[in-house]
Amino acid sequence: MEAQAIFDAVKGRFGDAVVELQGEGFAPPFVVVAPGSVQEIARFLKEDPDLSFDSLMSLSGVDYKDRLAVAYHLHSLKHRHAIGLKAMLPSDTPSLPTVDDVWPAANFQEREAFDLYGIVFTGSKDLRRILLPEDWEGHPLRKDYKYPEFYHGIKV
């Protein structure tokens, strides 16, 4: 199925929660959605028999300076098509529902986005730092992050 047809199916089901089709001509383009609708749209993309996006290939945080985003790369093994799903978030309170109940592999990737960008995934089964120590301050992949000179007396 082509990206426009996937976008039309999601837009037809979720209306204004679906913002735009972004990056057409790229592989894959992204369906940009409202953050609060991510979980129900993800479930639809996985469970609808015509879409069957059974594989979450990656979940990444993105910092655009003025806002953050979470980008999901999805693939259907059954239909052999792919699409991206993206939610834009405010930098000061980045939060959206977890998809770890839709694709269990999302848990580790959500933890990484939480750890490195400070994005909170509400309803997560296990939202805690995964790469940095629990007492690390800040989120080092954010563009406004200032690296500390020392951590526990060790020069960083």
Side-chain angles (χ1 to χ4, degrees), residues 3 6-7 10 14 16-47 51-77 81-156:
I6 296 167
F7 173 81
V10 177
F14 295 97
D16 291 341
V18 180
V19 179
E20 67 177 320
L21 182 61
Q22 187 182 73
E24 209 167 358
F26 291 98
F30 283 88
V31 176
V32 181
V33 301
S37 301
V38 162
Q39 189 178 58
E40 63 183 325
I41 292 172
R43 190 171 315 286
F44 171 73
L45 287 168
K46 182 178 181 185
E47 294 175 358
L51 300 173
S52 296
F53 285 103
D54 51 1
S55 178
L56 171 67
M57 297 179 64
S58 70
L59 179 160
S60 304
V62 182
D63 187 341
Y64 291 108
K65 287 189 180 177
D66 63 328
R67 60 192 169 163
L68 298 175
V70 175
Y72 306 82
H73 285 88
L74 309 175
H75 184 262
S76 170
L77 296 170
H81 57 213
I83 196 74
L85 186 66
K86 188 184 290 185
M88 302 297 191
L89 308 167
S91 294
D92 55 342
T93 57
S95 175
L96 72 166
T98 185
V99 296
D100 68 4
D101 61 331
V102 179
W103 299 289
N107 181 260
F108 285 123
Q109 297 173 60
E110 288 178 348
R111 287 178 60 191
E112 182 179 25
F114 167 71
D115 197 1
L116 300 177
Y117 290 96
I119 299 168
V120 175
F121 294 88
T122 57
S124 173
K125 294 177 177 89
D126 184 17
L127 190 63
R128 59 191 163 97
R129 289 199 182 264
I130 192 167
L131 297 172
L132 296 167
E134 288 294 326
D135 64 345
W136 190 269
E137 292 185 22
H139 307 283
L141 288 186
R142 292 187 65 153
K143 292 184 177 176
D144 60 355
Y145 183 73
K146 304 284 188 243
Y147 281 89
E149 285 191 49
F150 292 92
Y151 172 73
H152 290 281
I154 301 168
K155 188 163 177 62
V156 175

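Values reported hereafter were calculated over all heavy atoms of this structure, with side chains retained and with hydrogens, waters and symmetry mates removed.
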The single option from Val102, Leu51, Asp54 that satisfies side chain to side chain contact (heavy atoms under 4.5 Å, CB included) with Leu45 is Leu51
Compare every heavy atom of Ala69 with every heavy atom of Tyr64, then report the nearest pair and how far apart it is. CE1-CB, 3.6 Å
May I ask you to check if Lys155 and Phe150 form a cation-pi contact, with NZ or CZ under 6.0 angstrom from the six-membered ring centre and within 45° of the axis? yes
Is there a side-chain contact between Val31 and Leu21 (heavy atoms, below 4.5 Å)? yes
Within a strict 4.5 Å, meaning less than it, do heavy atoms of the Val99 and Tyr72 side chains meet? yes
Inter-residue atom distance His73.NE2 - Lys86.NZ, 0.5 Å rounding: 8.5 Å
Least distance between heavy atoms, Pro94 atom then Arg142 atom: CG-NH1, 4.1 Å
Which atom names give the shortest non-hydrogen contact between Gln109 and Met57, and what distance separates them? OE1-O, 4.3 Å
Decide, yes or no, whether a salt bridge links Lys125 with Asp101 under the criterion of side-chain N to carboxylate O below 4.0 Å. no
CG of Asn107 to CD of Glu112: how many Å apart, nearest 0.5 Å? 12.0 Å
Would you check if Lys146 and Glu137 make a side-chain contact, meaning some heavy-atom pair closer than 4.5 Å? no
Within the structure provided, determine whether Tyr151 and Asp135 are in side-chain contact (heavy-atom separation under 4.5 Å). yes
Report yes if some heavy atom in the side chain of Pro140 is under 4.5 Å from a heavy atom in the side chain of Leu116; otherwise report no. yes
Distance from Leu56 atom CG to Glu110 atom CD, nearest 0.5 Å? 8.5 Å
Determine whether more than 12 heavy atoms belonging to other residues, nucleotides or ligands lie under 6.0 Å from atom CZ of Phe108. no
To the nearest 0.5 Å, how far apart are CZ in Phe121 and CG in Leu59? 5.0 Å
Return the CG to CG distance between Asp144 and Asp63, rounded to the nearest 0.5 Å. 6.5 Å
Closest contact, heavy atoms only, Val19 versus Ala34: CG2-N, 4.2 Å
Could you pull out the closest heavy-atom pair between His139 and Arg129, with the gap in Å? CE1-NH2, 3.9 Å
One should read off an interatomic distance between Leu85 CG and Ile41 CD1, to the nearest 0.5 angstrom, of 6.5 Å
Minimal heavy-atom distance between Val18 and Val10, with the atoms involved, is CG2-CG1, 3.5 Å
Of the options Ile119, Val33, Leu68, which is the one that meets Leu96 in a side chain to side chain contact (heavy atoms under 4.5 Å, CB included)? Ile119
If we ignore hydrogens and angles and just use 3.5 Å, is the side chain of Ser76 paired with the main-chain N or O of His81 as donor and acceptor? no
Would you say the side chain of Pro148 lies within less than 4.5 Å of the side chain of Trp136, judging by non-hydrogen atoms? yes
